[in-house]
Amino acid sequence: MRGTPRTRRIPRPALGALIGATALFTAGTLATPAGAAPEPGPSTARVHSVPASAQQQARDFWTPERMRSAVPLDLLDADARSTDAAPRAGRPATVAPTAPTAGTADVGPAAFPNGGGAWTGGGAVVNTAGRVFFTYQGRTASCSGNAVTSANKSTVITAGHCVKLEGAWHTDWVFVPGYHDGQAPHGRWTATKTLSTPQWTASEDINYDVGAAVVAPLDGQRLTDVVGGQGLAFNTGYNLRMYAFGFPAAAPYDGQKFIYCSGTTNRDFLLSNDHGMGCDMTGGSSGGPWFTQFNEATGTGLQSSVNSFKYNFLPNRMYGPYFGADAQNLYQAAQSS
């Protein structure tokens, strides 16, 4: 996250002041599985379909050189976004991981809490998580994302601003699970559809900064058949032990290392209803998964949020949206596509 911070002007009398917030992205950077509740309400996800010709163009566009050369965009201007509406509640629901657990690294327990460091634990998460690449306003861009258990075996969860920003859906969108140093060990998976919550697409409300993509088969195989899928949890409360992962690309990071943070979260009491966690990840980590019930030995857990934003005056604290009814609707729409 480089550049001059811009101020978020959102009236909230209890604050008595305007507080800046920044997004965490860089440029250059439904059939229901067992355990998931039915769609909880009338609010529906917004869907952007990608023509077949554009899918092939995206796969060809993202060369190792282009992926390595990602550079940070300016900070997101959040002036016009409402953050007053709390996420709609629903029944607690979970979806089990389908990621393989064999071949995990034999390492000691990871630090908890941890404010940001390289993940050396191995496990399924090093395959399900990856970098997201796309074109934004004519510039190459990057975020992070994660493959999840889904009926179509092709669903990626990320942040809303990693699929649509300032009124435009991103183009040349690909997911690279297990990314490292410009390499795509499991291939580059192109989006056939990108989706976000109606609140994000309408007004870029940070309470609903959740996105998804449905990716095309690659070499005759579907995504989670290749890399596995993490579980999910919706409407499961606040103040939880969580692990966050991503590929931060702005200083002091360079996008080449898989970074994690961990800690007991709290509910944001300032401008949003998001989860908050001590974490120094920077631009490029947006859309990376937050897990509850994360098992360090197997690298599996229940995805319950994504890296979303930071306040300017709290650079070492990350915030991620609460996965409530609308996040669940988004998942249902994606996995049934």
Side-chain angles (χ1 to χ4, degrees), residues 30-47 82-99 128 145-151 155-160 163 195-203 205-212 229-245 262-277 287-295 300-309 318-337:
L30 243 178
T32 305
E39 187 168 334
S43 182
T44 57
R46 301 298 186 261
V47 182
S82 166
T83 58
D84 290 331
R88 293 188 305 128
R91 290 177 292 163
T94 61
V95 179
T98 52
T128 64
N146 183 60
V148 295
T149 298
S150 55
T155 297
V156 177
I157 299 295
T158 185
V163 296
L195 308 87
S196 190
T197 59
Q199 297 88 347
W200 177 260
T201 55
S203 63
D205 185 331
I206 57 175
N207 283 317
Y208 299 92
D209 184 17
V210 189
Q230 297 286 353
L232 301 104
F234 302 99
N235 298 296
T236 50
Y238 290 91
N239 305 312
L240 305 170
R241 286 172 60 95
M242 285 187 167
Y243 290 71
F245 293 86
S262 62
T264 300
T265 62
N266 72 328
R267 183 173 182 170
D268 182 22
F269 60 89
L270 295 173
L271 296 181
S272 78
N273 290 282
D274 286 15
H275 301 283
M277 179 195 300
W290 291 36
F291 297 109
T292 54
Q293 299 184 34
F294 185 74
N295 185 319
T300 58
L302 304 181
Q303 184 165 352
S304 305
S305 188
V306 296
N307 298 322
S308 177
F309 80 97
M318 179 86 77
Y319 291 87
Y322 183 81
F323 274 19
D326 290 280
Q328 187 176 354
N329 280 344
L330 173 67
Y331 166 68
Q332 301 284 30
Q335 70 152 351
S336 64
S337 297

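Just so it is clear, the model here is predicted, and its values are computed rather than measured.
- When atom types are taken as modelled, the side chain of Thr155 and the backbone of Val148 share no donor-acceptor pair closer than 3.5 angstrom.
- Formation of a donor-acceptor pair under 3.5 Å by the Thr300 side chain with backbone atoms of Pro97 is not found in this model.
- Checked by atom type and distance alone, the side chain of Thr265 pairs as donor or acceptor with a backbone atom of Leu240 at under 3.5 Å.
- No side-chain heavy atom of Phe323 sits less than 4.5 Å from a side-chain heavy atom of Leu302.
- With a 4.5 Å cut-off on side-chain heavy atoms, Gln230 and Pro289 do not count as touching.
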- Item | Candidate pair Tyr322 and Asn235, rule side-chain contact (heavy atoms from CB on, under 4.5 Å), full reasoning | CA-CA 8 Å; Tyr322 183 81; Asn235 298 296; 4.1 Å; yes
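- Checking side-chain atoms of Thr149 against main-chain N and O of Thr98 turns up a donor-acceptor pair under 3.5 Å.
- For the pair Pro321/Asp274, a side-chain contact is recorded, criterion being any heavy-atom separation below 4.5 Å from C-beta on.
- Between atom CG of residue Asp326 and atom CD of residue Gln199 there is a gap of 4.0 Å, rounded to the nearest 0.5 Å.
- What you find for Asn239 and Arg267 is that their closest heavy atoms are OD1-N, 4.1 Å.
- Smallest separation of non-hydrogen atoms from Ala45 and Leu330: CB-CD1, 3.7 Å.
- Proximity of Arg46 to Ser196: side-chain heavy atoms (C-beta onward) are nowhere separated by under 4.5 Å.
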- Are Ser262 and Phe294 close enough, and set up right, to give a side-chain contact (heavy atoms from CB on, under 4.5 Å), and what steps lead you there? CA-CA 10 Å; Ser262 62; Phe294 185 74; over 6 Å; no
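- Considering every non-hydrogen atom in both Trp200 and Asp205, the closest pair reads CE3-O, 3.4 Å.
- The two residues Ile206 and Ser272 make their nearest non-hydrogen contact at CD1-CB, 3.9 Å.
- Looking only at distances, no side-chain donor or acceptor of Asp209 sits under 3.5 Å from a matching main-chain atom of Gly320.
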- What's the verdict on ring pair (Phe, Tyr, Trp, His ring centres under 6.0 Å) for Phe309 and Tyr319, showing C-alpha distance, side-chain angles and the deciding distance? CA-CA 5 Å; Phe309 80 97; Tyr319 291 87; 5.2 Å; yes
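- At least one donor-acceptor pair closer than 3.5 Å links the side chain of Tyr238 to the backbone N or O of Asn273.
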- Message: With side-chain contact (heavy atoms from CB on, under 4.5 Å) as the criterion, how do Val95 and Tyr331 come out once you've worked through the C-alpha distance, each side chain's angles and the decisive distance to 0.1 Å?
- Response: CA-CA 11 Å; Val95 179; Tyr331 166 68; 3.8 Å; yes
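- Under the 4.5 Å side-chain criterion, counting only non-hydrogen atoms from C-beta, Gln303 is in contact with Ile157.
- When every heavy atom of Met277 is checked against every heavy atom of Gly263, the shortest pair comes out as SD-N, 4.2 Å.
- Residue Met242 comes nearest to Ser304 through the heavy atom pair CE-CB, 3.7 Å, listed as atom of the first residue, atom of the second, then distance.
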